[in-house]
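The structure appears right after this line, and notes come after that.
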2 protein chains.
Amino acid sequence: MDDDVPPGGVSRPGSRPATMADVARRAQVGRQTVSNALNSPELLRPETLARVTAAIEELGYRPHAAARSLRRRESRTIGHALEHSAAGRSNAVHDRFLHALADAADAAGHRLLVFPVDSHEQEIERYDQLLREQAVDAFVLAHTSEADPRHRWLHGKSVPFAAFGRSWGEQSYGDWVDVDGAAGTEAATEHLAAAGHRRIGLLGWPRGSGTGEDRAEGWRRTMERHGLPVRGLRAATANSTEEARQAARVLLDREVTAVVALSDTLALGCYDVLRERGLRPGADVAVTGFDDSPIAALLDPALTSVEQPLEQAAKECVRMLLARITEPRHPYRHRLLAPRLVARDSSRPPEAVAQG
Amino acid sequence: MDDDVPPGGVSRPGSRPATMADVARRAQVGRQTVSNALNSPELLRPETLARVTAAIEELGYRPHAAARSLRRRESRTIGHALEHSAAGRSNAVHDRFLHALADAADAAGHRLLVFPVDSHEQEIERYDQLLREQAVDAFVLAHTSEADPRHRWLHGKSVPFAAFGRSWGEQSYGDWVDVDGAAGTEAATEHLAAAGHRRIGLLGWPRGSGTGEDRAEGWRRTMERHGLPVRGLRAATANSTEEARQAARVLLDREVTAVVALSDTLALGCYDVLRERGLRPGADVAVTGFDDSPIAALLDPALTSVEQPLEQAAKECVRMLLARITEPRHPYRHRLLAPRLVARDSSRPPEAVAQG
DNA sequence: CAAGGGGATTGGATCGATCCAATCGCCTAT
DNA sequence: ATAGGCGATTGGATCGATCCAATCCCCTTG
């Protein structure tokens, strides 16, 4: 009873995992034939293949990862840095992306190695170490920034990589996937306009951040398309709570009937200010957020938000990575994914505000 | 300019990473001497060591991970499963733990391999595969449950592992670290009692969950120590928002002046109900949460919560793991860590309620 | 002066899977 | 009947680092 039969085969406690030679012996074939059974089954006569496969099954054989890496000169492992978030505060979006990345890498038959980093510089240092150890074949980047040194470095070394987050700089290296933030706020703004809102404020970040400008643009162009005013309806704030509230107060003073916030956190600040003034989010002033973080559904009223297709993004990153490994010289690929608006009560009761 | 000099040494584009033989040649020594320089430097004469070290530096040499694993029969890699959270909803606590684990593993010179799983059964299946591939030496478990099949399986195979989360069952296998939930709610309850509260309600989960009972116990014993009533002051709910609100209503009907919630999510539900009744969290009824999730600091008023020492927990897991690898037959070790109360405005203005 | 001894250094064998080139077996075409 | 051809199968060499045992060097001791 101590000696469970594992899913894939027999195992006597204390016995070393089966090797290729063991399988060959049992199947009465040469070692190379076992290797072929795994890597080029079409070379084997069906009956030989069956015999080898049976032996593999019976012994619960799996190729020794290190031995395989050594000979093949590839690790089938993807590296991914975990940013040491300063305040110990975790990033829900990246966390979901990470899970999705683990799925995607796994589905593609690759291992995922994660390691901590403090800064882009240190991240590059770790890239270098891992590459010299030949512990990874490629990297997936996240938290891309404006003048991100990682792309250039990896490009210079011809290391396959894919980034989640576009390269904002003029000169861009590398494959990337990103979420179309503008399309997200466009959907949110459109949703509000369709409900009859005319004075729709934007609660965002200071000018200059790539993500911020991208998302803001979706609001601006939708407002213009509908012939709605934008002047004075854009308030900026760093992401601290108190500042967010201050910015929200400014917007409400301009008598907006709806607010498009560029993050759920900002939307939460907006909720606070509404309540502080005796107004009810949703009923009196509509609010939308961004990221569809866990709190969105928990808030009262539940917050309409824009959900990023992170599973798809991770899959696409891995797909690009594999393509890059196969065709190292192919021109860099980019892909924007459309996010999805999740309508909830914070933007719902249109009848209460439809007098726009 | 395309040819940056990496932190650790020279690299001509297209050149394969240096091997031990390269270093030996350059340092005018045998291969084994290079190996000794890395693994048993005390065997070398200082001047030889210096020569080898210099060559290593100049070539930017790092041992090939796979070759080393193959020969040493150990991967210096820790495996860790990422649970495929059903609703795509991520778990902030586990996310922080994961970051801390990456740090701890790294600090101990180990790699961290993550892989996705759907269930404990599938997780065991993946353990088995990784072990047969000899891709990992050990595992760190999270999300432990009552009758967790993983401990027994790993124990049966004599695989080193450490769990974050105690083994609740009668028969317990394996090393573990856990956070002392009772001590956490005890601190919260004590904090409220010290502020003069006498009717302190508990907002928790249905009986039977290990974590829930543990945390509830801290409240119960603190109340009893102070001679305060507990009957009727404990409300249970599954973790859905609406149910949480319902349970909070029950508590408030019993005229509590403070609520100890067993999670920040539950505390949030409590906030909602207070507002629904025109009461202000903190000012009218004190509230504490658990986990110190990102929203705690963002709420208005900021939520007093119990912070779990996840960095310490991860460090301890790794420490136990290494000890287990060194001494496989040592009796299993367990460790409870004390959490820390983070007092914020939701439990502060004591003067307003001190008439208890 | 030769033998002894211990620290420093070395080459050969090995870990397990894959690459390569060679061989084997069998069927067809001459 | 034999050469030719092709599909199937095989052993030997190799990837890079480490284990092991042997050797080397230099200094002490009988």
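What you are looking at is a predicted structure, and each value in this text was computed from that prediction instead of being measured. Side chains are part of it too, since the values below use all heavy atoms of this structure and drop only hydrogens, waters and symmetry mates. To find a chain, count down the sequence lines: A is the first, B the second, and so on, and within it residues start at 1.
Rounded to whole angstrom, the span from the CZ atom of B/Arg25 across to the P atom of C/dG11 amounts to 12 Å. With rounding to whole Å, A/Arg76 atom CZ is found 13 Å from C/dT18 atom C1'. Per the geometry, CE belonging to B/Met20 stands 11 Å off P belonging to D/dC19, to the nearest Å. Computed from coordinates, the A/Arg71 CZ to D/dA17 C1' distance equals 15 Å when rounded to whole Å. With rounding to whole Å, A/Leu44 atom CG is found 9 Å from D/dT9 atom C1'. Between B/Asn36 atom CG and D/dC19 atom P the separation is 9 Å, expressed in whole Å. Between the CG atom of A/Leu59 and the P atom of C/dG16 there is a distance of 14 Å, given to the nearest Å. In this structure, the NE2 atom of A/His64 is 19 Å from the P atom of D/dC15, given to the nearest Å.
Here B/Thr33 lies in heavy-atom contact (under 4.0 Å) with a base. A/Leu38 comes within 4.0 angstrom of nothing in the nucleic acid, heavy atoms only. Contacts of A/Val34 with the nucleic acid, taken as non-hydrogen atoms under 4.0 Å apart, are absent. A/Arg73 comes within 4.0 angstrom of sugar-phosphate atoms only, judged by non-hydrogen atoms across all strands, and of no base. Using a 4.0 Å heavy-atom criterion, one finds that B/Thr48 contacts the sugar-phosphate atoms exclusively. Nucleic acid contact for B/Leu43: sugar-phosphate only, since backbone atoms but no base atoms lie under 4.0 Å from a heavy atom of the residue.
Checking the phosphate oxygens (OP1, OP2) of D/dT18, no side-chain nitrogen or oxygen of B/Arg31 falls inside 4.0 Å. The phosphate of C/dA17 has neither OP1 nor OP2 within less than 4.0 Å of any side-chain N or O from A/Ser35. For the pair A/Asn39 and C/dT18, the criterion of a side-chain N or O lying under 4.0 Å from OP1 or OP2 is met. Taking side-chain N and O atoms only, A/Ser69 has no distance below 4.0 Å to OP1 or OP2 of D/dC15.
One cannot find a donor-acceptor pair under 3.5 Å joining the base of C/dT18 and the side-chain atoms of A/Arg72.
No donor-acceptor pair under 3.5 Å is formed between the side chain of A/Thr33 and the backbone N or O of A/Arg31. Looking only at distances, no side-chain donor or acceptor of B/Thr19 sits under 3.5 Å from a matching main-chain atom of B/Asp22.
The heavy-atom pair separating B/Trp176 from B/Met320 by the smallest distance is O-CE, 3.5 Å. Here the shortest heavy-atom pairing between A/Leu82 and B/Ala102 reads CD1-CB, 3.9 Å. Minimum heavy-atom separation, A/Asn91 to B/Asp95: N-OD2, 4.0 Å.
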message: Pair B/Arg111, A/Glu133 - check side chain to side chain contact (heavy atoms under 4.5 Å, CB included), show working.
response: CA-CA 12 Å; B/Arg111 279 177 280 274; A/Glu133 293 177 349; 3.2 Å; yes

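Taking the nucleotide of DNA chain C with the nearest heavy atom to each of B/Arg45 and B/Gln134, the more 5' of the two is matched to B/Arg45. Mapping B/Leu70 and A/Gln32 onto DNA chain C by nearest heavy atom places B/Leu70 at the nucleotide closer to the 5' end.
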